[in-house]
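Throughout, residue positions are numbered sequentially from 1 according to the sequence presented. Just so we're clear, the structure is a prediction, and the values are computed from it rather than from any experiment.
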Amino acid sequence: MTARFRLTMAQLNPTLGDLAGNAAQARQAWEEGRKAGADFVALPEMFVTGYQTQDLVMKPAFTADAMGAIKGLAKDCADGPALGIGGPCAVGDKLYNAYWILSGGKVQTRFFKHELPNETVFDEVRLFEQGPLQGPVSIGPLRVGIPICEDAWHETVCETLAESGADILIVPNGSPYYRGKYDTRINHMVARTVETGLPLVYLNMLGGQDDQVFDGASFVLNPHGQLAAEFPAFETGLFNVDFVETDEGWRAEEGDKVVFPDAWEQDYRAMVMGLGDYCRKTGFTKVLLGLSGGIDSAIVATIAADALGPENVRCVMLPSEYTSEHSLEDAAEVAERLGCRLDTVSIAGPRAAVTEALDPLFAGTTPDVTEENIQSRLRGVMLMALSNKFGEMLLTTGNKSEVAVGYATIYGDMAGGYNPIKDLYKTRVFETCRWRNANHREWMAGPTGEVIPARVIDKPPSAELRPDQKDEDSLPPYEVLDAILDGLIDREASIADLVAEGFDAATVKKVEHLIYISEYKRFQSAPGPRLTKRSFWLDRRYPIVNRWRDKSGGA
């Protein structure tokens, strides 16, 4: 009789710090796996705590509670399949990112992560000790190697497991999304199957945690990169995978292979999931935002409606004497199409009061950006008052282009608890609006159809803080600005590099200067979902005080 092995992959969404809730999810997955006849039920990396814990895991009481929760799972899940779950492990004065194998009511063994990532959003060298190279563990009829996340992005751990007798590799992950990440994962994992000649299971976490969104998208490979099964992105699920013993070794049977959404849909869903989970996991059920009649607030309102439902989104129009009739009409149209509440609060009276109060001190000066920023800050005061009064989290609406060059008012339109489009350049905002108008998915709680009027997308962007103001009065056209920002931020290109690509040297130097002098604003800005490898916060850590400027490129 052919030997068989059934694995239940639990692609689930933990909440950081909710040890009891995460353990309950693990128990439920184990129960479902037992009903399905599984030999092994596997959960992702650091699942019992949620991920990433950052310095919280360095608190001994937290780690002790997490280890206690895992040991409690071992007792609860004694009669049935083995259970694998990620969580911290303290051994003496050393702390490890560990993967626990539970069987027969006790801890059978633990794998300790060997390759600790120390780049982009990861800083595990700060948190954990490097684990030793280990051999596989016997589960049912085969020997399972467990390279933990980063362990499978390098050759050493997987080769050691193969050489010491592993029949298959199961890789538990906490791998956050960025645009194009799936292809990067596949390429690395294919390399491991080619090197070892073993099947490989890639099991990834799901859900939003602060700025990071874990997209799931788990898969199974047979040797030499043959795709056996592929599971959905951005959806929880329990997936059963059967392995059979052949003359060439263990092989995964063919399973489901999903059709992956394109980059526009993946980015949009990451923003929806990031906002939805941020609210759910911090206890907010409702949000509000300033709806200006412009494109940025329109797409944020749409993301919020899709994440939380239109009935849980309050839009607020805060007009001044510079607010055009078109903007009033466009804001009303967006709110109506989405089905969101719209309130109007004029800032004319508060602005007059502030102007009068400051008149003695401002006497003899010329009106400038100061007076413009007062308008923005008054709007922030009004919105935060509504947030405080009604318990609705305020969303801020600055796109990545504005965040990069500081084209936003600190304590004004930057006020808020979360920014869904923080990592979306302005040119991508335009295309994302067009994408959402043309597409609706069952996971969107907002309405179908053209929810953002064409006029909102097509009109010239303006802050409307002075007569006839346009963004391009202060900034290069967004097509040019975003291309320069991509070079300076996403590619770390020099001034000379960009000049060689055809950009005006003086314009590039101006943009570079704006980026550097705006660092203090970003330091105080709201978090938002990471969509690229160079998002602001953990991906790009620059000093606030910095007098260096790139002297290459002339001008």
Side-chain angles (χ1 to χ4, degrees), residues 12-18 21-22 25 44 46-47 49-54 56 121 174-179 204-216 233-236 266-290 296-297 299-315 338 340 383-384 386-388 390-400 403 413-424 432 443-446 522-532 535-539:
L12 300 177
N13 186 347
T15 297
L16 202 146
D18 184 8
N22 298 339
Q25 284 197 63
M46 291 294 284
F47 185 85
T49 56
Y51 194 61
Q52 293 191 70
T53 61
Q54 297 182 280
L56 180 60
V121 297
S175 178
Y177 173 81
Y178 59 72
R179 199 176 301 135
N204 195 25
M205 186 179 289
L206 194 82
Q209 171 57 39
D210 293 349
D211 67 317
Q212 293 162 50
V213 178
F214 299 89
D215 56 320
F234 301 104
E235 294 180 17
T236 59
Q266 289 184 56
D267 271 9
Y268 191 80
R269 192 158 191 188
M271 291 184 285
V272 169
M273 177 173 279
L275 173 59
D277 273 2
Y278 191 83
C279 288
R280 179 175 62 84
K281 294 177 180 182
T282 56
F284 285 95
T285 58
K286 296 178 180 293
V287 296
L288 80 153
L289 68 144
D296 294 326
S297 60
I299 192 62
V300 169
T302 305
I303 292 167
D306 283 336
L308 304 171
E311 69 279 7
N312 295 313
V313 180
R314 181 200 298 260
C315 299
L338 288 173
C340 299
L383 291 168
M384 281 305 304
L386 291 169
S387 176
N388 291 161
F390 298 108
E392 300 163 352
M393 186 177 71
L394 175 59
L395 302 180
T396 184
T397 61
N399 61 70
K400 188 174 184 177
V403 172
D413 56 325
M414 288 181 67
Y418 196 79
N419 181 356
I421 62 171
K422 185 176 183 179
D423 201 25
L424 200 66
T432 299
W443 47 264
M444 298 175 181
R522 287 189 289 276
F523 192 79
Q524 300 179 62
S525 65
R530 176 186 189 237
L531 306 177
T532 69
S535 61
F536 293 122
W537 191 33
L538 295 178
D539 274 318

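From Leu395, atom CG reaches atom CD1 of Ile303 across 9.5 Å, with rounding to the nearest 0.5 Å. The CG atom of Asp539 sits 9.5 Å away from the OH atom of Tyr178 when rounded to the nearest 0.5 Å. One distance of note links CZ of Arg280 with CG of Asn13; it measures 5.0 Å at 0.5 Å rounding. Atom CG of Asn419 and atom CG of Asp211 lie 12.0 Å apart (nearest 0.5 Å). The distance from the CE atom of Met205 to the CD atom of Gln52 is 9.5 Å, given to the nearest 0.5 Å. One distance of note links OG1 of Thr302 with CG of Leu338; it measures 4.5 Å at 0.5 Å rounding.
The two residues Thr53 and Gly50 have their closest heavy-atom pair at CG2-O, 3.4 Å. The two residues Glu392 and Leu288 make their nearest non-hydrogen contact at O-CD2, 3.2 Å. Listed here is the closest heavy atom pair of Gly276 and Ala307: N-CB, 4.0 Å. Nearest heavy atoms, Val287 versus Cys279: CG1-SG, 3.7 Å. Shown here for Pro176 and Val121, the closest heavy-atom pair between the two residues is CG-CG2, 4.2 Å. The two residues Pro310 and Ala445 have their closest heavy-atom pair at CD-O, 3.5 Å.
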Quiz item: For Asp423 and Thr532, what are the C-alpha separation, side-chain angles and deciding distance, and is it a side-chain hydrogen bond (donor to acceptor under 3.5 Å, both in side chains)?
Solution: CA-CA 7 Å; Asp423 201 25; Thr532 69; 3.0 Å; yes
Quiz item: Passes side chain to side chain contact (heavy atoms under 4.5 Å, CB included), Leu308 versus Lys286? Steps please.
Solution: CA-CA 7 Å; Leu308 304 171; Lys286 296 178 180 293; over 6 Å; no
Practice problem: Walk me through it: do Leu16 and Leu56 pass the test side chain to side chain contact (heavy atoms under 4.5 Å, CB included)? | Solution: CA-CA 10 Å; Leu16 202 146; Leu56 180 60; 3.7 Å; yes
Quiz item: Please walk me through it: do Asp215 and Arg269 pass side chain to side chain contact (heavy atoms under 4.5 Å, CB included)?
Solution: CA-CA 9 Å; Asp215 56 320; Arg269 192 158 191 188; over 6 Å; no
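At a threshold of 4.5 Å between non-hydrogen side-chain atoms, the residues Ile299 and Met271 do not count as touching. Between Gln54 and Leu538, some side-chain heavy-atom pair lies under the 4.5 Å cut-off. In this structure the side chain of Gln212 never reaches within 4.5 angstrom of the side chain of Tyr51, judged on heavy atoms. Put simply, the side chain of Met393 reaches to within 4.5 Å of the side chain of Leu275, judged on heavy atoms.
Not counting sequence neighbours, the partners of Asp267 by the salt bridge (charged side-chain N to carboxylate O under 4.0 Å, His left out) test are Arg179, Arg428. Residues satisfying the salt bridge (charged side-chain N to carboxylate O under 4.0 Å, His left out) test with Asp413, not counting sequence neighbours, are none. Legend: residues meeting side chain to side chain donor-acceptor pair (under 3.5 Å) with Lys422, ordered by chain and number and at least two apart, are Ser525. Every residue meeting the salt bridge (charged side-chain N to carboxylate O under 4.0 Å, His left out) condition with Lys281, not counting sequence neighbours, appears here in chain and number order: Asp277. Annotation: ring-ring contact (aromatic ring centres under 6.0 Å, His included) contacts of Tyr278 (sequence neighbours excluded): Tyr418. Qualifying ring-ring contact (aromatic ring centres under 6.0 Å, His included) partners for Phe234, counting only residues two or more places apart in sequence or in other chains: Tyr177.
Counting only distance, with no hydrogens or angles, the side chain of Asn22 and the backbone of Gly17 share no donor-acceptor pair below 3.5 Å.
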